[in-house]
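Worksheet: one structure, shown below.
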Amino acid sequence: MTTSWADSVAASEEEAVAAAPAPAAAAAAAKFSSDQASQPRPTRRTYVPPHLRSRPQSSVAPAPPSAAAPAVIDRVGYGGPPAGSWSTGGFRPDAGRSGGGHVPAGGRNGRGGGRDRGRDRGVNPFADKDGLEQGIVGQENAAINFDAYEDIPVEATGNNVPPPAGTFADIDLGEALNLNIQRCKYVKPTPIQRHAIPISLAGRDLMACAQTGSGKTAAFCFPIISGIMRGRYVQRPRGRTAYPLALILSPTRELSIQIHEEARKFSYQTGVKAVVAYGGAPINQQLRELERGVDILVATPGRLVDLLERARVSLQIIKYLALDEADRMLDMGFEPQIRKIVEQTGMPPCGLRQTMLFSATFPKEIQRLASDFLSNYIYLTVGRVGSSTDLIVQRVERVHESDKRSHLMDLLHAQRENGFHGKQALTLVFVETKRGADSLENWLYTNGFPATSIHGDRSQQERELALRSFKSGRTPILVATDVAARGLDIPHVAHVINFDLPNDIDDYVHRIGRTGRAGNTGLATAFFNENSSSLARPLAELMQEANQEVPAWLTHYASRSHGGGRSRRSGGSRFGGRDFRREGSFNRGTDYYGGGYNSTGHGVSAGYGGYGVYGTGVTSAWE
DNA sequence: AAAAAAG
């Protein structure tokens, strides 16, 4: 179901493509669609776990890296079907369940993933547990405005960038996965998916800069699931240790839970088993799940380290590593832990595993750090539609510290009078500290506003309850610290209020990204005062880039302020970031990358400067 | 300086 607005976007996009494609881009696009897209994908190195390298191999030998083999990924031939039999036509949705000719990894001793497929069959991950949500919009997934993502600029840099795909049908993901894509009501891939999935299927490492909510989770889950389905993985060693093939790390527990829920939908009836492990919850249940077999482990770093130390998880046969909110994962607080997990736990080194880093923001310093974990990677950046720009109306208001509460009250009163809450629209209020969150929640509650809160000092049970209560509309106001700033997909957040502004503009980008999701519009209001002066300049720049109305006083403030962290956002106006390898001065003399980079403008459409289509057409319902 | 993440 699309809105008329979306239809008009789609229509105008078609016109533009037909009318005036940039010659180079058009030629490239034509070449890709008629030519390369139909050719076999390059084969990548086959990983054989160290403890199995001396074992005899069956008739299906891994193809040498240089051979022009068909699109077959990672075969270690132990009684598997002939190469290619997992193509769309020959794919069996229940493959492995019977333990027949090609038992997936661990099928024999029951330690691998997929053993409990039979059990999983009964649980339909597509059933909507939050009944209340159904009532709000009806078909949740059908409401996603995919057309809003049709035409945004994409840039890919790196060596030999694989061409993008046009449709899911163009991408050979396998029948079971295609069915799940249908069940999710994904009609066509979003730009990040169109580009990232072929890159990933080609076995390449990837650093991707794209807003959450633009289909990022699927972009890394689909190739992982597909690769595991197609790969002939060896039997896992006996014992209580779980040997996942893929590891997905995220910075907060709730985000890991969310990714796991998604991964379960995507892997339904594929024989691929996803398990989640995070702190604050009893470990025993997680241990039991792990014992029953795991292919894809979704985890927060702390709990994973715990599991590694207990030797209940081994990363020795990891084939895929994905870091969601990767810049966050590699910032000061997290980086040592991540480095330990990736470099000191027996995980195959880069080159022997496939690594994918995703975030909506990628500061150059973090990119440089991240390149330690990547091998000959492709940097992909997608124009910031649906994030801080086009679909979110941003407002900044000057509010003295002492007036914040009453000002918030005014906003909430106005919303209530406009039936804002009656329509189940949700309001997310960000504060700086955990204490501040508690006290604001109490204050709102005692003043008659149905509010709850989420922050790191609440018990995990309370955190999850608060999130459920907010999502369901039972408490349509959520006061949150930055624990809720990243990645969480909460439908119907109509208003994000930065009661306290963050110190880092990237955090602001992530926070306001909780609204304007899935192609819908949203409103973001920030309370600005002298305490947030370091943000004046980057905020003014960001709003300028996003075609937002910048108050004169903020411009003035910005011109007076200097320093205070990165004032320039990393990159130009159209993208969330740029490949740091192209910023010559940064790595001159340190030539890790041996050679030039092709920059391709896949999907860059004619005539649109990134946000021209959306910028002026969207007016706020609240203004 | 604060937030998150193990208990």
Side-chain angles (χ1 to χ4, degrees), chain A residues 212 247-260 276-287 290 297-313 323-342 344-345 359-361 363 366 401 428-441 453-464 466-467 478-488 496 498-511 513-514 529-535 563-566:
Chain A
T212 20
L247 176 64
I248 300 172
L249 291 172
S250 95
T252 66
R253 297 162 181 173
E254 287 75 15
L255 186 52
S256 281
I257 293 169
Q258 177 183 302
I259 294 166
H260 174 246
V276 67
Y278 56 91
I283 201 168
N284 283 334
Q285 200 185 330
Q286 293 174 7
L287 288 173
L290 288 167
L297 177 58
V298 185
T300 49
R303 178 55 60 91
L304 177 62
V305 168
D306 190 0
L307 291 166
L308 290 165
E309 281 168 358
R310 295 169 189 238
R312 297 299 295 265
V313 166
L323 302 191
D324 201 5
E325 308 298 340
D327 59 332
R328 180 77 185 75
M329 303 299 283
L330 296 173
D331 81 4
M332 274 199 339
F334 266 125
E335 192 259 352
Q337 219 170 5
I338 302 302
R339 196 172 281 281
K340 178 182 172 185
I341 290 167
V342 177
Q344 291 161 35
T345 61
S359 183
T361 51
I366 304 282
E401 203 59 42
L428 182 51
V429 183
F430 280 106
V431 296
E432 194 59 21
T433 66
K434 297 181 274 201
R435 275 189 52 193
D438 278 336
S439 99
L440 186 58
E441 177 204 354
S453 72
I454 186 167
H455 60 70
D457 275 353
R458 301 199 76 187
S459 73
Q460 190 53 29
Q461 228 179 357
E462 289 171 323
R463 285 165 58 160
E464 287 173 39
L467 202 52
L478 180 67
V479 182
T481 60
D482 270 332
V483 71
R486 283 171 174 265
L488 294 186
V496 168
N498 275 293
F499 187 89
D500 302 318
L501 272 164
N503 296 313
D504 188 323
I505 190 66
D506 284 346
D507 291 334
Y508 173 86
V509 170
H510 285 275
R511 285 180 177 188
R514 297 317 98 212
N529 60 35
E530 62 285 355
N531 296 334
S532 15
S533 57
S534 73
L535 210 67
R566 295 173 299 119

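Within every chain, numbering begins at 1; the chains are lettered A, B, ... in the order of the sequence lines, protein sequences first and strands thereafter.
For A:L330 and B:dA4, the CG to P distance is 19 Å, given to the nearest whole Å. A:E325 has its CD atom 15 Å from the C1' atom of B:dA5, to the nearest Å. In this entry the distance linking CD of A:E254 with P of B:dA5 reads 7 Å, nearest Å. To the nearest angstrom, C1' of B:dA4 lies 11 Å from CG of A:D507. We find that CG of A:D504 is positioned 12 Å from C1' of B:dA3, with the value rounded to whole Å. Distance, A:E432 CD to B:dA2 C1': 6 Å, rounded to whole Å. In this structure, A:R458 atom CZ and B:dA4 atom P are separated by 12 Å, rounded to whole Å. If you measure from atom CD of A:E335 to atom P of B:dA5, you get 18 Å, rounded to the nearest angstrom.
Between B:dA2, B:dA5, B:dA3, one nucleotide has an atom nearer to the side chain of A:T300 than all others, and that is B:dA5.
Looking at A:D331 and A:R328, a side-chain N of the basic residue comes within less than 4.0 Å of a carboxylate O on the acidic one, giving a salt bridge. Look at A:D438 and A:K434 and you find no salt bridge, because none of the NZ, NE, NH1 or NH2 atoms lies under 4.0 Å from a carboxylate O.
Among the protein residues, A:G279 comes within range of the sugar-phosphate backbone only, with heavy atoms under 4.0 Å from sugar or phosphate atoms but none that close to a base. Nucleic acid contact for A:R328: base, since at least one base atom lies under 4.0 Å from a heavy atom of the residue. Residue-level contact check: A:R463 touches the backbone only, with heavy atoms under 4.0 Å from sugar-phosphate atoms and none from bases.
With sequence neighbours left out, A:S453 forms a side-chain hydrogen bond (donor to acceptor under 3.5 Å, both in side chains) with A:E441, A:R458. When the side-chain contact (heavy atoms from CB on, under 4.5 Å) test is applied to A:A485, the partners found at least two apart in sequence or on another chain are A:F430, A:D482, A:R511.
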